[in-house]
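As structure tokens, the structure follows; a few thoughts come after it.
Naming convention: chains lettered A, B, ... in sequence-line order (proteins, then strands); numbering from 1 in each chain.
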Amino acid sequence: MTEERYNIRETEAKWQKFWDETKAFEVTEDESKPKSYVLAMLPYPSGRIHVGHVRNYSLSDVVARYKKAKGFNVLNPMGWDALGLPAENAAIERNTHPKDWTYDNIAQMKEQLLSMGLAIDWSREIATCDPEYYRHEQKMFLDFYKNDLAYRKESIVNWDPVEDTVLANEQVVDGKGWRSGAPVERRKLYQWFFKITEFADDLLQGIETLDRWPDKVRTMQTNWIGKSQGIEFNFDIKGGDLPADAKLNVYTTRIDTIFGTSFAVLAPEHPYANLLAETDTEAKAFIEDCMALGTSEEAIERAEKKGFKTPYTVTHPFTNEEMPVYIGNFVIYSYGTGAIKSAPAHDERDHAFATKYGLPIRPVITGPNFVEGEAYGPKGTLINSGEYDGLTSDEAMSKIIARMEEMGIGKGVTNFRLRDWGVSRQRYWGCPVPFVHCEDCGLVPVPENQLPVELPYDINYDKPGNPLDRHPTWKHTTCPSCTKDALRETDTCDTFFESSWYFLRYLDPKNTERGFADKKSNYWMPVDQYIGGVEHAVLHLLYSRFFMRALKKCGYEVPDEPFAGLFTQGMVTHATYKDVDNNWIFPADVENKDGIWMISDNGQPVTQGAVIKMSKSKKNVVDPQDIIDTYGADAARLFILSDSPPERDLEWTVGGIEGAWRFVNKLHRAVTEATSYLPEVGTVQPTKFSDAASKLRSTTHKAIVGVAEDIDAFHMNKAVARIRELSNALTAFTPNDDADKWAMREGYEALVRLFNPMMPHLAEELWSLMGHTTPLTQTPWPSHDDALLKDDKVTIGVQVNGKVRATITLDSGATKEQAEKIAMEQDGVQKAIEGQTVRKVIVVPGRIVNIVAN
RNA sequence: GGGGCUGUGGCGGAAUGGUAGACGCUGCAGACUUAAAAUCUGUUGUCCUUUGGACGUGGGGGUUCAAGUCCCCCCAGCCCCA
């Protein structure tokens, strides 16, 4: 007997070729089947896939293949999030071109993804840097502009004076540019915005309908939108060069603390602050100092609270007390009205500020855990507040709002933390904003028939700043309106633009007229199952939701919500290693001998450190390609699915991948051996089975149902456990007659179909080895017999006073009385109740018998 | 500071309020082998006076015939927002 070892490389390549040649995963709209749109977050083409990608696509592939087997018309596409800053940085560092770098990376990563054997319709592949892609988003930009959803306004940005560019908040680290290290300045610039705030309430309400999203993500979006009920009211303000009837408008969510107010604070950008700066050089210097701080809330929050006392005073609306007005570096101009009333006894920032500048701190709210001398933040009961004393915060707020409205000085308003989405980037490798600046006509949209506004290829990075701005010819054009010489807009779009609608482009990727046809959207949308990392919980997912509403307003036919189901996977972690000189060492370079870690090449000792998220800087990464080359895609996929629940972090270990690899080989061996004596495909079911065969069949049919339930619930680790159980039952089974063999074939055929979503190459190989000519890609999920899901006998525990004293096996139809009788007969039970009186016997059929005695 | 998640053997993790530890990894013992690898079999929560029993799901309380699971308080770790 020749025992052929399972040749992973050849077999996996063979089936990948087969799927490709038979176009196994290409789909079109088919009204005869229910559709299922399975989507993994599209990758950024960095050049190499990482283990996080493997986890993401292994999950989406399980869902896609499973849904297909369950009779759904499954769309599972893939593309490239190809615009963005890393390509430009790489171009600068390696003296290459962002476009070339990006397309090289796409080619490499595609090859790697192909080696995973994913059930993807590659005919729909897109790259967002393709002008045929971004022409449609330029059209959308124009539609947004027409529908009052895109606008340009002067706003304050983080400016890197060395790089000559605007930085996003997350690119500012400790007040310095992340690349240049230069202190960031706040500058006023004209920037493009999308009016996401128009849908603030709708986006908030929509969250309620997303019942197949993780609560965590829904909470984060709710907090991000940050709806608050408050009041805007006017202080009378005087002093300096202010006009006699000047008012200071402030917003607060805690008007219940109004009697504790002892000062007011203006944001550095507030008009009254600027007015003062015109004549007061110290004020001017202070404001400039504040502007040197980044614009992020975090940066502002972290900085030391500083204030500048102005000559202004405000009048308390109820007590008529004259109170000082400061300019403060901690007040955010874009939130509320850019000025605050203080509540030093009830807000930490105000408390710190008042302490520093010796301002009165008067407690006006009390409640549990109130500590004298510390800021007390929670709502409570009012004190020191005149006629409002004794009211709860909520009662007081509605009364005070009503009173201020009556006085004509304020009104209750709803405020959102959500800001309009700034989409301008002063960068080359992005989608050009399709506008022209004309001296006579002003801002002019590029006519649709001139789209796309394409990026020039010939650029240089000799100098910092935006290459588009410095390009000798590109920005010089004529005004579409008056034909005079004019300048193109040189801003490009935030790359979140591309990812906000790419899932619509997959539906109709070759359409040259429109981004997508309505009928395609109506058939496929919404995405039934979206899978990706939780790091996109707010921005990408919120922007995509905004896009649906915006596109709808512009006449596109799209659903309100783009993603009906969302699953966020956990991170992949790995142990870290350091050598004697405290350098990080790659896991691939170390080995464990007799419990001691050392460098494989020279035997030098290595210490194992914490298990943390894989990161290049800590070198605790494994290259998925190495894994796939060594163990095969099936083993890699199996391991990544089997060890941890998908929503939790997964620790990558050598032992784990080897265990998966052993299972792959075990399955191959078991099926190969069994096939030599099993009946042929399609042999008629025998009429009688031995007890052992019946039990095996029961195990098979339970697995069919259980694995489906587990996949539906994203419990992939449990699905794998059930598959192993079935496999164990089958390999432990020794057939004695033809009926036994028939039951074994039934079991193995089910087994192969059950693990097909996880290990598709092995499954196809074994399926064909067992004599099937129809590939698994066209084979439905196995059917099951309900009668075989029930057991004849059931083993249950018998408790005395809640402690297990015996186990008994009963017919599954046994009555409560029978169960109680048999339970009472058990030695262990008798011993336990000896000398006691039985007070009560609880029988839960099929579950438990509990005898209460004392 | 606010919000959220998590806490179960040596490890990853299972358990509609009903026999805690499925499935796997590791370890140990054995079989096969000249040997090793691979494979197979058994075993693997702790403790005890070991044919039995006690204890055991971060800690403390509570509800219940019955709590890993539900409720309250606390501790630790992680994530998000500040």
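The CZ atom of A/Arg648 sits 14 Å away from the C1' atom of B/C11 (whole-angstrom rounding). Here the P atom of nucleotide B/G3 and the CD1 atom of A/Ile207 are 18 Å apart, to the nearest Å. Rounded to whole angstrom, the span from the NE2 atom of A/His668 across to the C1' atom of B/U39 amounts to 16 Å. A/Trp661 has its CH2 atom 10 Å from the C1' atom of B/A37, to the nearest Å. For the pair A/Lys227 NZ and B/C81 C1', the interatomic distance rounds to 20 Å; values are reported in whole Å. Between the P atom of B/A38 and the OH atom of A/Tyr631 lies a distance of 11 Å, rounded to the nearest Å. The distance between atom CG of A/Leu638 and atom C1' of B/G12, rounded to the nearest whole Å, is 14 Å. Rounded to an integer number of Å, the gap from A/Gln221 CD to B/C81 P is 12 Å.
When the P atom is compared between B/U6 and B/C70, the two are found 10 Å apart, to the nearest whole Å. Distance noted for atom C1' between B/G4 and B/U46: 34 Å (whole Å). A gap of 13 Å separates the C1' atoms of B/G68 and B/G18, to the nearest Å. Using atom P as the reference point in both B/G59 and B/C11, the two lie 15 Å apart (nearest Å). Nucleotides B/G9 and B/G58 are separated by 15 Å at their C1' atoms, to the nearest Å. Going from the P atom of B/C71 to that of B/G17 covers 12 Å, rounded to whole Å. Taking the P atoms as reference points, B/C75 lies 32 Å from B/C65, given to the whole Å. Separation of the P atoms belonging to B/C47 and B/G42 is 25 Å when rounded to the nearest angstrom.
Between B/A15, B/C23, B/U19, one nucleotide has an atom nearer to the side chain of A/Gln799 than all others, and that is B/U19. Among the nucleotides B/G18, B/G53, B/A22, the one closest to any side-chain atom of A/Ile848 is B/G18. Candidate nucleotides B/C65, B/C40, B/G12 were compared by shortest atom distance to the side chain of A/Arg669, and B/C40 ranks first. With B/C23, B/A14, B/U19 as the candidates, the nucleotide lying closest to the side chain of A/Thr807 is B/U19. Comparing B/A22, B/U26, B/G13 by their closest approach to the side chain of A/Arg662 singles out B/U26. The nucleotide whose nearest atom lies closest to any side-chain atom of A/Trp224 is, among B/G13, B/C81, B/U39, B/C81. Checked against B/G13, B/G52, B/G3, the side chain of A/Lys831 finds its nearest nucleotide in B/G52. Picking from B/C23, B/U16, B/A20 the nucleotide with the shortest atom distance to the side chain of A/Arg847 gives B/U16. Minimum atom distance to the side chain of A/Asn717 is reached by B/G13, of the listed B/A82, B/U19, B/G13.
RNA chain B is contacted by both A/Val804 and A/Lys666; A/Val804 maps to the nucleotide lying nearer its 5′ end (nearest heavy atom per residue). Both A/Gly655 and A/Asn801 sit near RNA chain B, but only A/Gly655 has its closest nucleotide nearer the 5' end.
Note on A/Val844: a base of the nucleic acid sits closer than 4.0 angstrom, heavy atoms only. Contact annotation for A/Asn850: base contact, defined as any heavy-atom pair under 4.0 Å involving a base atom. Across all strands, A/Thr795 comes closer than 4.0 Å to base atoms (heavy-atom distances). Residue-level contact check: A/Glu651 touches neither bases nor backbone, having no heavy atom under 4.0 Å from any strand. Using a 4.0 Å heavy-atom cutoff across all strands shown, A/Ser642 reaches no nucleic acid atom at all. Among the atoms of the strands shown, none is found under 4.0 Å from any heavy atom of A/Arg722. Counting any heavy atom pair closer than 4.0 Å across all strands shown, A/Arg839 reaches no nucleic acid atom. Across all strands, A/Asn728 comes closer than 4.0 Å only to sugar-phosphate atoms, never to a base (heavy-atom distances). A/Arg805 comes within contact range of the sugar-phosphate backbone alone, with a heavy-atom separation under 4.0 Å but no base atom that close.
A donor-acceptor pair under 3.5 Å is absent between the side-chain atoms of A/Asn329 and the main chain of A/Cys290, judged by distance alone. Panel note: side chain A/Ser544, backbone A/Leu541; no donor-acceptor pair is recorded below 3.5 Å. A distance-only check finds no donor-acceptor pair linking the side chain of A/Asn850 to the backbone of A/Val798 [under 3.5 Å]. Using modelled atom types, one side-chain atom of A/Gln836 and one backbone atom of A/Ala832 make a donor-acceptor pair closer than 3.5 Å. Remark: side-chain polar atoms of A/Arg637 are not paired, donor with acceptor, to backbone N or O of A/Ser58 under 3.5 angstrom.
Of the N and O atoms on the side chains of A/Thr381 and A/Thr392, not one donor lies less than 3.5 Å from an acceptor on the other residue. Looking at A/Ser393 and A/Asp256, their side chains do bring a donor and an acceptor atom within 3.5 Å of each other.
Base pairing annotation: B/A35 forms no Watson-Crick or G-U wobble pair, as no partner gives both donor-acceptor distances under 3.5 Å. When Watson-Crick and G-U wobble pairs are counted only if both distances are under 3.5 Å, B/G1 pairs with B/C81. B/C40: Watson-Crick or G-U partner is B/G30, with both key distances under 3.5 Å. Remark: B/A76 base-pairs with B/U6; criterion is Watson-Crick or G-U wobble with both hydrogen-bond distances under 3.5 Å. Pair assignment for B/G17: none, as no Watson-Crick or G-U wobble contacts are both less than 3.5 Å.
Look at A/Lys216 and you won't find any side-chain N or O under 4.0 angstrom from OP1 or OP2 of B/G3. Considering only side-chain N and O atoms, A/Lys718 lies under 4.0 angstrom from the phosphate OP1 or OP2 of B/A15.
Of all heavy-atom pairs between A/Ile851 and A/Met824, the closest is CD1-SD, 3.5 Å.
Base orientation of B/U50: syn, the glycosidic angle falling within 90° of 0. Applying the 90° criterion around 0 to the glycosidic angle, B/G12 comes out anti.
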query = Can you check side-chain contact (heavy atoms from CB on, under 4.5 Å) on A/Leu751 and A/Thr700, steps first, answer last?
reply = CA-CA 8 Å; A/Leu751 178 67; A/Thr700 301; over 6 Å; no

